[in-house]
4 protein chains.
Amino acid sequence: MSTAEQRLFPDWEVSRWFNADAPVSLTDLRGQVVLVEAFQMLCPGCVSQALPLARKVHQMYGGQGLAVIGLHTVFEHHDAMQPHALEAFLYEYKIRFPVGVDQPLEHSPLPATMLRWQLQGTPSTLLIDRAGRLRAHHFGSIDELELGVVLGRLLAEDGIAAQPPGPVVHSADEGACTPAACPAPSTGR
Amino acid sequence: MSTAEQRLFPDWEVSRWFNADAPVSLTDLRGQVVLVEAFQMLCPGCVSQALPLARKVHQMYGGQGLAVIGLHTVFEHHDAMQPHALEAFLYEYKIRFPVGVDQPLEHSPLPATMLRWQLQGTPSTLLIDRAGRLRAHHFGSIDELELGVVLGRLLAEDGIAAQPPGPVVHSADEGACTPAACPAPSTGR
Amino acid sequence: MSTAEQRLFPDWEVSRWFNADAPVSLTDLRGQVVLVEAFQMLCPGCVSQALPLARKVHQMYGGQGLAVIGLHTVFEHHDAMQPHALEAFLYEYKIRFPVGVDQPLEHSPLPATMLRWQLQGTPSTLLIDRAGRLRAHHFGSIDELELGVVLGRLLAEDGIAAQPPGPVVHSADEGACTPAACPAPSTGR
Amino acid sequence: MSTAEQRLFPDWEVSRWFNADAPVSLTDLRGQVVLVEAFQMLCPGCVSQALPLARKVHQMYGGQGLAVIGLHTVFEHHDAMQPHALEAFLYEYKIRFPVGVDQPLEHSPLPATMLRWQLQGTPSTLLIDRAGRLRAHHFGSIDELELGVVLGRLLAEDGIAAQPPGPVVHSADEGACTPAACPAPSTGR
C-alpha cells in the first residue's frame, strides 16, 4: 500500500441517510474539504454550539469546495434517539446538510464509525482535506475564529488560487451612528 | 511605475504610536499578513465588536505571520478623543497591539489616512497580504467565521505550507456530560 | 360558584410526572407563586431560551415562595417525544424541577391541558399568583428583565413584606480593573 | 433626629448635569424607586454591561414609578474623562436618562458622592425605595433576572397595587416554527 493511501482517512459506516438522495461516501467527496460533525440529538453542547456552527459553515461555504456532513453517533439513550426521532430533530432545527446514522453494533454501546475513528464523545468535529487526509479533530465546542482560520487554510490548498482577487469591499448602512458602526461625513467620494 | 508597484496598498500616515517602541510602517511588515483596525475610542461598534475581535486575532495569531495594527481615525468629537484619552482607553481595554493616531489635518474633519484610503467610517477592517496588497476592506461589524476564513486563506499564501501537518487533536475535559460536550464511555483506547 | 372561585386558574391534567415523588397540583401550590413552562423537547426556542431561563429561576428563587413546573405539551412529532425520550432529555439538560406530561388525547393532536388553557404553542410561560389566579401568559421567548420584574411584583404580594430589609451589598473582586469592574483605590474604609 | 430620618439615604453632590433641564435631587424623586448607576466612561464593565442594562431599565420602566440616574464617578484618568468627553460619550451611546458629574475634590482622587456613599468602584448600582431608603447596593456586573426581581419588589411597595390586573397575554408571531417558538395548529380558538 502506498504511503499516500495509508494516510487516507477511513470512510464512515452509515445505516441510513437524511437530507441525501443517495448514500454519500468520503471518496465521493474527494477534491472538497469535508467538515464532519459527529453529534447526538440529545447532547446539549451539540445542539447549542456545534450544530449551529456546522449549519453556518454549510450556509456560508457549502458548495464552494466545502462539504458539511453530520454523523449521528449515538452512544447513550439509544431508545430516545432512533432514526425517526432524529428525523423530527433535523426538521425542527432546520438542518439541511446530509446526516448519516452511524451504524449501530450489537455488542457495543458505541456505533461503528465512532469506534473506527476513536471519537471521544460528542460533539466531535473532523476536517478532511481535498486529498482525503484527516487534518483536524476536535472534541468539545470549537472557537469560531479558529475554525474559520483552519477552513481558510484548507480551502486555499487547491493549486488554483494563484491570482489574488481584488479587494472585497463590504459596507455598513449609511446614515447616523448605529450600535454597529459610525459612518464618516461624505468627502465627495 | 510597474504593475506590481501600482497594486501596493499605500502606507498609513501616523502622528503618534502607542504600544510600539518605534514607528511602524506597512513596508516594515511586508511578508506578514496585516490586519488594520481603524476605530474611534467613542464608537460603540468599535468598542463592543471590532476591537475585541482584533484583540482576539492578535492573541491567537499575532507573531505567526500575522500583524494586527490599530489606527485611531478620529473624525468627530475631536476634543474628547485626543491622544492622552486614547492612552487611557488602550490601558483600560487591555489593547496591546500597536495603535497609531491617524494624522489630523487642519482643514478636514477626517484625518490623513482615512482620506487616503477612502474609509467610510469606523470600524473599518482592512486585510493586506504578505505582498503588501489590499485583499479585504470591510466597514461595520464583521462575522468571526468569515474573518477567520479570509485570514486562513491569506496565511496559507506563503509558498512553504506544502506538507500537510498531522491532524490537530484537541480534547474537552473527561468525565460526565457538560454543557459543552458528552464524553463517550472508554473502550480501551 | 363564587366570584373568587371563578377566577381560580384551572389545574393541569398530567399523565406522568418526572422529578416529583408524587403528583403535583396547582391547589397543592396555593400560597406560592407558580411559573409554568409549557414546552416540547424538540422545540428549538424552548431548548435555547425558555428552559434555561426556567432553570435559572428555579435555581435562584425555587423554595423562596416560588415553584417552577414544567409541562411537556406535545402537539407534533408525537412518536419522537414519548416519556422515555423526555426522561433522557431532562437528564442531559439537568432539569431538576417537576415536569408533567400533558395528558394526550385520542382525537386531538393537542393534549388536554394545552386545550384547556388555550395555549398557542411552545414555549408558553404562565405565572399564577399566591391566590391561584393567572397573572401573566406569554407565548414565545420572554425578556429576562421583564420576567424578573413580574416575578418580583408577584412575590411581593405576601402581606408580610412590610419591613424593609437592610440594603443588600454585593461586591466584585478586589484588585485591578477587570472586564466586569474597576475597583477604586482604598480610602481607609 | 428621628429614626426614619436617619434611614434616609444621603443625596448625591453633582457639579454638572446632562440630559436634565435643571439639577435633580433624590428628594425631588421621593415617591419613585430610583436606580443610580455610578460609572466611568472608560470602565469596560460599565460600557459593556451596567450602562446597557440601566438604559434598558429606563426604556422599559422609566416614568412608571421608576427613575434612572447616572452618576459619573471619575476616580482615575481624570484628564480623559472631563465633562466635554462625557457629553460625547452620552451622545454616541444614546444614553437619555439624567447623568450627573460627581463633584471632584481637590485633595482626593475620589469625588464627593463616591466618598459619601463609600462606593467600591465602578460600576456600582444602587436602588433607593419610594421612601428614600437604600435597599440594594451592588458593585460589579449585575444579573438581569435578579435586578428585575428586586425592581419588581420595590415597585410593588406602593400601597395601591391591591387589585390584581387581568393576565397579560403576549404572543409570538403565528405561522411556522421559528428559532423562538413553535405555534400550535389552530383549534377554533
Side-chain angles (χ1 to χ4, degrees), chain A residues 40 43-45 48-49 53 56-57 60-61 75-76 108-110 114-115 118-123 129 131 133-141 144-157 161 164-165 167-173 177-185 187 189, chain B residues 40 43-45 48-49 53 56-57 60-61 75-76 108-110 114-115 118-123 129 131 133-141 144-157 161 164-165 167-173 177-185 187 189:
Chain A
Q40 294 178 106
C43 151
S48 67
Q49 301 182 306
L53 186 49
K56 183 175 176 180
V57 169
M60 289 174 65
Y61 298 101
F75 61 83
E76 56 189 348
S108 159
L110 276 67
M114 201 173 178
L115 281 173
Q118 300 191 300
L119 301 186
Q120 296 166 267
T122 56
D129 68 15
R133 297 167 301 199
L134 179 68
R135 295 291 289 279
H137 177 174
H138 187 101
F139 170 46
S141 67
E144 193 162 332
L145 178 67
E146 189 174 1
L147 177 62
V149 168
V150 177
L151 282 178
R153 282 184 178 279
L154 294 181
L155 287 168
E157 295 176 349
V168 182
V169 181
H170 296 284
S171 298
D173 293 339
C177 229
T178 70
C182 298
T187 55
R189 289 167 305 196
Chain B
Q40 296 179 104
C43 151
S48 66
Q49 302 183 306
L53 187 48
K56 182 175 178 181
V57 170
M60 289 175 64
Y61 299 101
F75 60 83
E76 56 190 347
S108 159
L110 277 67
M114 198 170 182
L115 281 173
Q118 299 192 301
L119 302 185
Q120 297 166 268
T122 56
D129 68 15
R133 297 167 300 199
L134 180 69
R135 295 290 290 281
H137 177 175
H138 188 100
F139 170 45
S141 66
E144 195 162 330
L145 178 67
E146 189 175 2
L147 177 62
V149 169
V150 177
L151 282 179
R153 283 184 177 279
L154 294 181
L155 287 168
E157 295 176 350
V168 181
V169 181
H170 295 283
S171 299
D173 293 337
C177 228
T178 70
C182 298
T187 55
R189 290 167 302 193

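Only heavy atoms go into these numbers, but all of them, side chains included; no hydrogens, no water, no symmetry mates. Below, read A as the first sequence line, B as the second, and so on, with proteins coming before strands; counting in each chain starts at 1.
- A/Arg153 pairs in a side chain to side chain contact (heavy atoms under 4.5 Å, CB included) with only one of the listed residues (B/Val149, B/Leu155, B/Leu151), which is B/Leu155.
- The shortest non-hydrogen separation linking B/Pro183 to A/Phe75 is O-CE1, 3.5 Å.
- Listed by chain and residue number, A/Ala180, B/Ser141 satisfy the side chain to side chain contact (heavy atoms under 4.5 Å, CB included) test with B/Gln49 (two or more places apart in sequence, or in another chain).
- Pairing each heavy atom of B/Cys182 with each of A/Pro44, the nearest pair is SG-CD, 4.2 Å.
- Chosen from A/Leu145, A/Val150, A/Leu53, the residue pairing most often with chain B at heavy-atom distances under 4.5 Å is A/Leu145.
- What you find for A/Ala156 and B/Ala156 is that their closest heavy atoms are CB-CB, 3.7 Å.
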